[in-house]
Participant: 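Below are the structure tokens for one structure; questions will follow.
Atoms within a ligand are numbered from 1 in the order they appear, just like the ligands themselves. Numbering starts at 1 and runs along the sequence shown.
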Amino acid sequence: MSKANYKSLPDLISQEVIDRVKKLSPAQLCDGMEALGIERNGCMDASLLPLDSDKVLIGTACTVDTEDGDNFPIHVAIYQGKPGYVLVVAGKGYTERCYMGDLMGSAAEAVGLSGIIIDGYVRDKVGLSQLSIPIYAKGLMQRSPAKRGPGEINTVVTCAGVKVTPGDLIVGDYDGVTVVPRDRIEEVLAAAEKKDAYEAKRRETIAEYVKCKNEQKPLPELAPAWVTEMITNK
Ligand SMILES: O=C([O-])CC(=O)C(=O)O
Ligand SMILES: [Mg+2]
């Protein structure tokens, strides 16, 4: 079996960046990428769902390229993995077998991986959702994975509709999974933080409106300035 396409792990994203990302959501990061014109705003397919929607996933992409339910390269990537990495498994949305279950999920958790994304199906739903590691998949299927190999590790892949380069920032929550290209992280974070500040202001305006309404005082303008401008110019 040729392991020529098993590449080493990319550098981890710095803790300083991760700490900034923790204050933002995948939606705000998408908004940041929209403002910068980045393709699909880094948004993975909506059919990719968290096994447990309370868990937040943040980490550095370690990619796995595989197909037809073959979980051999996923096994290898787990055992060669390190804390802080998110396995991004480009499984081509295969629907005839699952790619992994709770044993592999527990091994990934034992290694300290920050999350797993499977463009395909998993099994052992209850066991997987009881783990602390966040896991995303396109559905459930009890039929066992194939074991063939080699597949690829840490090459550029397309996973759930988005191009992922090893080392990219991966952020997921109940809304979905966002991929931020490594070389655009700084500008995307700056744009997302700007959106976060805008949202805080909007919440204040809405709260002020509710307060005035309850106190039967004159109501402040509720519509955001851009809506007012667009109405005026139409
Ligand atoms: O047995 C397998 O290959 C997949 C599985 O169910 C597990 O990881 O628990
Ligand atoms: Mg199992």
Side-chain angles (χ1 to χ4, degrees), residues 1-10 12 44-155 157-162 164 166 168 170-174 176-177 179:
M1 186 188 304
S2 166
K3 288 168 277 178
N5 283 325
Y6 286 6
K7 314 280 185 201
S8 50
L9 285 166
L12 270 179
M44 281 189 169
D45 293 337
S47 51
L48 191 67
L49 294 172
L51 276 258
D52 171 4
S53 58
D54 288 338
K55 294 187 182 110
V56 173
L57 174 154
I58 301 176
T60 305
C62 160
T63 67
V64 176
D65 197 36
T66 186
E67 60 193 1
D68 300 339
D70 179 9
N71 75 357
F72 180 79
I74 309 176
H75 271 281
V76 176
I78 289 173
Y79 312 131
Q80 293 182 353
K82 293 214 164 66
Y85 290 93
V86 174
L87 283 200
V88 176
V89 178
K92 324 289 182 299
Y94 191 64
T95 57
E96 299 300 316
R97 293 178 180 275
C98 71
Y99 277 107
M100 59 167 272
D102 67 347
L103 284 175
M104 292 172 72
S106 321
E109 179 163 303
V111 164
L113 293 178
S114 293
I116 304 177
I117 292 165
I118 307 270
D119 187 352
Y121 292 169
V122 295
R123 66 182 180 188
D124 309 327
K125 177 183 192 289
V126 173
L128 281 178
S129 49
Q130 283 169 349
L131 296 174
S132 62
I133 182 170
I135 296 172
Y136 289 71
K138 285 193 168 169
L140 300 166
M141 156 58 92
Q142 75 277 34
R143 187 173 173 213
S144 68
K147 282 130 183 38
R148 276 197 306 268
E152 298 186 2
I153 297 175
N154 287 320
T155 57
V157 297
T158 296
C159 180
V162 177
V164 183
D168 285 352
I170 311 291
V171 187
D173 71 5
Y174 41 81
V177 178
V179 181

Participant: Write out the residue and atom name of the closest protein heavy atom to atom 8 (O) of ligand 1, then the distance separating them to 0.1 Å.
Facilitator: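 The closest heavy atom on the protein side is M104 N, 3.0 Å.
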
Participant: Any N/O/S atom from D124 (main chain or side chain) under 2.8 Å of the Mg ion (ligand 2)?
Facilitator: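 For D124, the answer is yes, given that an N, O or S atom comes within less than 2.8 Å of the Mg ion (ligand 2).
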
Participant: Can we say D119 and K92 salt-bridge, meaning some charged N sits less than 4.0 Å from an Asp/Glu carboxylate O?
Facilitator: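 K92 and D119: not salt-bridged.
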
Participant: Does K138 use its side chain to pair, donor to acceptor, with the backbone of Y94 at less than 3.5 Å?
Facilitator: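 No; judged by distance alone, with no hydrogens or angles, the pair does not exist.
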
Participant: Starting from atom 3 (O) of ligand 1, which protein heavy atom do you reach first, and at what distance in Å?
Facilitator: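 Protein heavy atom with the smallest distance to atom 3 (O) of ligand 1: K147 NZ, 3.0 Å.
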
Participant: How long is the straight-line distance from CG of D124 back to CE of M100, given to the nearest 0.5 Å?
Facilitator: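 The CE atom of M100 sits 8.5 Å away from the CG atom of D124.
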
Participant: E109 side chain to I133 main-chain N or O, any donor-acceptor pair under 3.5 Å?
Facilitator: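 Yes.
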
Participant: Please check whether M100 reaches ligand 1 - meaning an N/O of the residue sits under 3.5 Å from an N/O of the ligand, judged on distance alone.
Facilitator: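 No: no nitrogen or oxygen of M100 is under 3.5 Å from one in ligand 1.
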
Participant: So which of V76, N154, T155 actually passes side chain to side chain contact (heavy atoms under 4.5 Å, CB included) with Y6?
Facilitator: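 Result for side chain to side chain contact (heavy atoms under 4.5 Å, CB included) with Y6: V76.
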
Participant: I need the atoms of ligand 1 closer than 4.0 Å to a non-hydrogen atom of D124, numbered in the order shown.
Facilitator: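 In order of number, 5 (C), 6 (O), 7 (C), 9 (O).
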
Participant: Counting only nitrogen or oxygen atoms and a 3.5 angstrom limit, does P145 reach ligand 1?
Facilitator: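 Between P145 and ligand 1 (N or O atoms, distance only) the closest approach is not under 3.5 Å.
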
Participant: Measure the shortest side-chain to side-chain distance between C98 and Q142 over non-hydrogen atoms and say whether it is less than 4.5 angstrom.
Facilitator: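 No; the side chains remain at least 4.5 Å from each other.
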
Participant: Using the rule side chain to side chain contact (heavy atoms under 4.5 Å, CB included), only one of I116, I170, D173 pairs with L57; which is it?
Facilitator: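 That would be I170; it is the only one of I116, I170, D173 passing the side chain to side chain contact (heavy atoms under 4.5 Å, CB included) with L57.
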
Participant: Before signing off on this row, confirm whether D102 and ligand 1 have an N or O atom pair separated by under 3.5 Å.
Facilitator: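 Yes; the residue has a nitrogen or oxygen that sits under 3.5 Å from a nitrogen or oxygen of the ligand.
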
Participant: Which atoms of ligand 1 sit under 4.0 Å from any heavy atom of N71?
Facilitator: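 In order of number, 3 (O).
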
Participant: Among all protein heavy atoms, pick the one closest to atom 2 (C) of ligand 1 and tell me residue, atom and distance.
Facilitator: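 Protein heavy atom with the smallest distance to atom 2 (C) of ligand 1: R123 NH2, 3.5 Å.
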
Participant: For atom 5 (C) of ligand 1, find the nearest protein heavy atom and state the residue, atom name and distance (0.1 Å precision).
Facilitator: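 Among all protein heavy atoms, the one nearest atom 5 (C) of ligand 1 is G101 N, 3.4 Å.
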
